[in-house]
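Below: one structure, written as structure tokens.
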Protein chains: 2
Amino acid sequence: MAAHAHTHATGSGWKQHVLASFAHEGFRAGGARAVVVELLAEQDCCLSAQEIFDRLRAGGRKVGIASVYRVLDQLAQMQLVQRVDVGGGVSRFEAAHPGGDHHHHLVCDDCGRVVAFEDERLEAELDRVGKSLGARVAAHDLVLHGACADCSQK
Amino acid sequence: MAAHAHTHATGSGWKQHVLASFAHEGFRAGGARAVVVELLAEQDCCLSAQEIFDRLRAGGRKVGIASVYRVLDQLAQMQLVQRVDVGGGVSRFEAAHPGGDHHHHLVCDDCGRVVAFEDERLEAELDRVGKSLGARVAAHDLVLHGACADCSQK
DNA sequence: CCCTCGATGATAACGGCTCTCACCAGGGCT
DNA sequence: AGCCCTGGTGAGAGCCGTTATCATCGAGGG
């Protein structure tokens, strides 16, 4: 049981930002869109499309899996969510907060858990490397693989 | 016929190392194993399982796709190859040179090209972060997304 | 209030990966 | 050298995440 009782305030700000962006781009206000955004705003770590679908269904919402993927794709293209590719052929998604509050993931190959972390100096290095390549880096995706703190003690 | 006439010396060393490791672990010398290892040793950037399969077939070798995945899985578990998850639901693989000569990838979301790069300071930061998490980090997988140097100039 | 067109959701299709299983061959033994 | 046991191999079926298709729904302007 992880204790994760934080970051919901920032999530709300993100939600407003996303809805405003949709309106600005001339999208209509669809139900699936709103509900996916709402769910994502409440999370503090990445979810897979299937997990999003399941939770919405569990909440009584009759969304289609296609809509979930469609919305996630739109959000990713608008750079409002980040695709996190954690291996195993499954993409995960999480809210991308414009300018900061950005984290990465450690995947425990032993117990399968995903642990989020952030590190300022690491971000600085990533920025530097991106620039030195002459590329316009829109996003970066870092995944550490190994045994998490718990599993490595066994 | 691609003209890739470099890094074969290091690749050859890796190949010997892998074959020795297999022998040491008591594996038999199967045909598929040898031929996958040989192909990987010749590469200087990551290949997908399908690409490996196609090239071996094109070379007249009647390997099964299952064998390719099997061998890659064994190699990954022995930490002799690194899985590179570049998105799009496809895993790529490349020789992991023990202790160094390690690189990462920039994926151009525009033209789809994969550019490899390496950076010592970045590696140092990654090591530091891994340690600070208390985890035993076996591998890390970093992918930059954006527009490559060519595409970002357009 | 109606009409148009984007949004939605069920379902089929697709593709990468894994599983299964019969056959093959390495290599220790005689 | 020949045999046998066992691990290795390859073809194909199956699984599952993702994408494409299409009929229906409903937002919102006229």
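A note on names: the letters A, B, ... follow the listed sequences, proteins ahead of strands, and every chain is numbered from 1. This is a predicted model, so every value here is computed, not measured.
Atom CZ in Phe93(A) sits about 11 Å away from atom C1' in dG17(D), given to the nearest Å. The CD1 atom of Ile52(A) sits 16 Å away from the C1' atom of dG9(C) (whole-angstrom rounding). To the nearest angstrom, C1' of dT19(D) lies 10 Å from CG of Asp73(A). Rounded to a whole Å, the CD1 atom of Ile65(B) is 15 Å from the P atom of dC19(C). In this structure, Leu47(A) atom CG and dG17(D) atom C1' are separated by 16 Å, rounded to whole Å. We find that CD of Gln77(B) is positioned 11 Å from P of dT18(C), with the value rounded to whole Å. When rounded to the nearest whole Å, the span between CD of Glu25(B) and P of dG7(D) equals 15 Å. Counting to the nearest Å, the C1' atom of dT9(D) and the CZ atom of Phe22(B) are 14 Å from each other.
The Ala66(B) side chain lies nearest to dC19(C) when the options are dC19(C), dG16(C), dT18(D). Nearest nucleotide to the Ala29(A) side chain, out of dT9(D), dA11(D), dG28(D): dG28(D). The side chain of Arg28(A) lies closest to dA27(D), out of dA27(D), dG9(C), dG8(D).
Results of the side-chain contact (heavy atoms from CB on, under 4.5 Å) test with Arg55(A) over Arg61(A), Gln43(A), Glu42(A) single out Gln43(A) as the only residue that passes. The side chain to side chain donor-acceptor pair (under 3.5 Å) test with His103(B) singles out one residue from Gln82(B), Glu118(B), Glu94(B), and that residue is Glu94(B).
Taking 3.5 Å as the limit, the base of dG10(D) and the side chain of Arg70(B) contain a donor-acceptor pair of atoms between them.
Ring orientation note: the planes of Phe22(A) and Phe27(A) are nearly perpendicular, at an angle over 60° on the 30°/60° scale. Ring orientation note: the planes of His140(B) and His102(B) are nearly perpendicular, at an angle over 60° on the 30°/60° scale.
Across the interface with DNA chain D, nearest-nucleotide mapping of Gly30(A) and Gly31(B) shows Gly31(B) to be the residue nearer the 5′ end. Checking Gly88(B) against Gly26(A), the closest nucleotide of DNA chain C that is more toward the 5' end is the one next to Gly26(A).
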Please lay out, stage by stage, how Asp110(A) and Arg136(B) fare under the test salt bridge (Lys or Arg N to Asp or Glu O under 4.0 Å).
-> CA-CA 11 Å; Asp110(A) 204 349; Arg136(B) 187 165 39 75; 5.8 Å; no
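Nucleic acid contact class of Ser91(B) (heavy atoms, under 4.0 Å, all strands): sugar-phosphate only.
For dT19(D), the OP1/OP2 oxygens have no side-chain nitrogen or oxygen of Tyr69(A) closer than 4.0 Å. The phosphate of dA7(C) (OP1 or OP2) has a side-chain N or O of Arg33(A) nearer than 4.0 angstrom. Contact annotation: Arg83(A) side-chain N/O to dT18(D) OP1/OP2 distance is not under 4.0 Å. For dA10(C), the OP1/OP2 oxygens have a side-chain nitrogen or oxygen of Arg57(A) closer than 4.0 Å. At least one side-chain nitrogen or oxygen of Arg61(A) sits closer than 4.0 Å to the OP1 or OP2 atom of dG9(C).
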